[in-house]
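These notes are about the structure you will find just below.
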Protein chains: 2
Amino acid sequence: MSEPSPRIDAPFPGVPLVAPLYKEAKRQMTQALTRGEWRPGDAIPAERRLAERYGISIGTVRKAIDELVAENMLIRQQGRGTFVPRHNRDRLLFYFFHIVAEDGAKVYPVVRLHAFAAGKADKLAADRLAIALGAPVFKIRNVLSLSDRPVIVDDIVIAGARFPRLTQRMFGERPSTIYHLYQTGFGVSVVRTTERLRATVADAEIAALLQVESDTPLLQIRRVALTYNDVPVEFRVSRVNTQRYEYWSELGGS
Amino acid sequence: MSEPSPRIDAPFPGVPLVAPLYKEAKRQMTQALTRGEWRPGDAIPAERRLAERYGISIGTVRKAIDELVAENMLIRQQGRGTFVPRHNRDRLLFYFFHIVAEDGAKVYPVVRLHAFAAGKADKLAADRLAIALGAPVFKIRNVLSLSDRPVIVDDIVIAGARFPRLTQRMFGERPSTIYHLYQTGFGVSVVRTTERLRATVADAEIAALLQVESDTPLLQIRRVALTYNDVPVEFRVSRVNTQRYEYWSELGGS
DNA sequence: AAGTGGTCTAGACCACCAT
DNA sequence: TGGTGGTCTAGACCACTTA
């Protein structure tokens, strides 16, 4: 590599653990993404060029890219190139939207901005976003409709420091998804989420928004969205009316 | 390969689409697993030997194994070999048990068999198990406790044809998990699951088992467990008291 | 036709594990 | 010490896309 091979802390002295070249290449490529050298929608340099740049063989470059592709940080397209993914509706639906109809069909949600406010981080949000308690945040409430029926209420919290000068107006101009807005407006690319689910009941406010009776059981989803290097950028509480729709999960395997 | 390279149906005549050698190797290795040539706990032949057997280079064998490992059908151990996974408690907890405490900690569930009966497949189970309506099935109800409190009620349906001569006694002898019983008793290895979640409320019967009041909101999980080649082998409805525990999901990324 | 990623080879050498 | 998987090379050739 162009830089000297880094040594991982050896569990015992005298054990010269050297990071594999492909791991180091992967680290450098992740950095190129993080610092914006390669931007969403761009093709990254061809594999042969990366092999030259890093002074390694093409097979080793491919192994690094393989892992980045598996982690959804790059997209390969044969004959065209390798690209930095851009957040659009299809990507959202495929990777980040887990609600499906009873027959398994995925439907594009129609999003309506219901509330937007600046505020301070409470304990839970500060914890999940790894920011200080009371730090400035934006709070957004969206109501999502599926097939013209309100089904989901999203309460989103994001750090003010990461989204400077965010205004309510930007949501109206938004062409597709909020993750697209994060990416194009603030250079924040969501690459992964973790979610925790539990059953709750609708309070009066949520019930009204979802047009159900109070005490209707709802699925509550608490999501943390992460960007490169597992840095949290969004905390979201969703409440889903699972009368006609369900949460889909495919785990413990491929 | 030892067999002629298979041709995938060409979308248009004159387009000679040949399956890559590593895909064909992967198919043959999956077959070796399916028909029991390689059995749980066994090491499969060394990569160099597989390369000879299939008449391909070692790098191509490795690519096939890479994919099987990514799909949890094999486990690599450097210096020792590549193994067919055996279902034990740790594997269950890591891959197939998605309930965690509020602090994220995983706890081994203590399983108590509550009911066992032979019966006929209803519409839903027949559909999910891809068997005929009314086909013979076994129905099992388990109550799972976490830290000495009942938290989950599992209603399991499996096809009688696939688990011949299953008896209630076998559950008492069971050393670890029901997937271990499937594997050691009937040669059925669960490799993957798909789950659909929704919010429900406890009926009187479930409420009693979970020691909660009726109408307590519960998380309902409908799981289909699959073996090799995505063949369904178990349909399970879980009802989870999410007062102290949550469902954990990590999707849309690595 | 030129450029891209995808497949495949035939090695070499290393790290790790069991004996 | 011998066998295993893990890394890495320097190519060749193929499939696909774009111009």
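By the side chain to side chain contact (heavy atoms under 4.5 Å, CB included) test, A:Arg62 is found to be paired with A:Glu47, A:Arg76, residues two or more places apart in sequence or in another chain being considered. B:Gln78 meets the side chain to side chain contact (heavy atoms under 4.5 Å, CB included) test with no other residue; sequence neighbours excluded. Remark: A:Lys26 pairs with A:Glu67, A:Glu71 by the salt bridge (Lys or Arg N to Asp or Glu O under 4.0 Å) rule, at least two apart or across chains. For A:Arg222, the salt bridge (Lys or Arg N to Asp or Glu O under 4.0 Å) criterion is met by B:Glu246, not counting sequence neighbours. Remark: B:Arg48 pairs with B:Ile58 by the side chain to side chain contact (heavy atoms under 4.5 Å, CB included) rule, at least two apart or across chains. Partners of B:Ile158 by side chain to side chain contact (heavy atoms under 4.5 Å, CB included), not counting sequence neighbours, listed by chain and number: B:Phe138, B:Ile140, B:Ile156, B:Phe163, B:Leu166, B:Tyr182, B:Glu234. Not a single salt bridge (Lys or Arg N to Asp or Glu O under 4.0 Å) links B:Arg165 to another residue, sequence neighbours left out. Considering only residues two or more places apart in sequence or on other chains, A:Asp42 meets the salt bridge (Lys or Arg N to Asp or Glu O under 4.0 Å) condition with none of them.
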Could you list, one pair per line, each protein nitrogen or oxygen that sits under 3.5 Å from a nitrogen or oxygen of nucleotides 8-12 of chain C, together with the distance?
residue: C:dC8; atom: OP1; partner: B:Leu21; partner atom: N; Å: 2.3
residue: C:dC8; atom: OP2; partner: B:Leu21; partner atom: N; Å: 3.3
residue: C:dC8; atom: OP2; partner: B:Tyr22; partner atom: N; Å: 3.2
residue: C:dT9; atom: OP2; partner: B:Ser57; partner atom: N; Å: 2.8
residue: C:dT9; atom: OP2; partner: B:Ser57; partner atom: OG; Å: 2.7
residue: C:dT9; atom: OP2; partner: B:Thr60; partner atom: OG1; Å: 2.5

Would you tabulate the nitrogen or oxygen pairs shorter than 3.5 Å linking the protein to nucleotides 17-19 of chain C?
none

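Distance CZ (B:Phe83) to P (D:dT4): 11 Å, rounded to an integer number of Å. To the nearest angstrom, C1' of D:dT4 lies 11 Å from CZ of B:Arg76. Residue A:Asp66 contributes atom CG, which lies 15 Å from atom P of D:dG6 at whole-angstrom precision. Taking atom CD1 of B:Ile75 as the reference point, atom C1' of C:dC16 lies 18 Å away to the nearest angstrom. Put simply, CD on A:Glu52 is 14 Å from C1' on C:dG3, counting in whole angstrom units. The distance from atom CD of A:Glu47 to atom C1' of C:dA2 is 17 Å, rounded to the nearest whole Å. When the P atom of D:dG6 is taken as reference, atom CG of B:Leu74 falls 12 Å away, rounded to whole Å. In this entry the distance linking CZ of A:Arg49 with C1' of C:dA2 reads 16 Å, nearest Å.
For the residue pair B:Tyr54/B:Thr60, the side-chain donor-acceptor check at 3.5 Å is not satisfied.
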Validation: residues 101-113 of chain A side-chain donor-acceptor distances under 3.5 Å, sequence neighbours left out:
residue: A:Asp103; atom: OD1; partner: A:Ala105; partner atom: N; Å: 2.9
residue: A:Lys106; atom: NZ; partner: A:Leu93; partner atom: O; Å: 2.5
residue: A:Lys106; atom: NZ; partner: A:Phe97; partner atom: O; Å: 3.0
residue: A:Tyr108; atom: OH; partner: A:Asp90; partner atom: OD1; Å: 2.1

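Side chain of A:His87 to backbone of A:Thr177: no donor-acceptor contact under 3.5 angstrom is found.
DNA chain D lies under 4.0 Å from at least one heavy atom of each of the following residues of residues 39-46 of chain B: B:Ala46.
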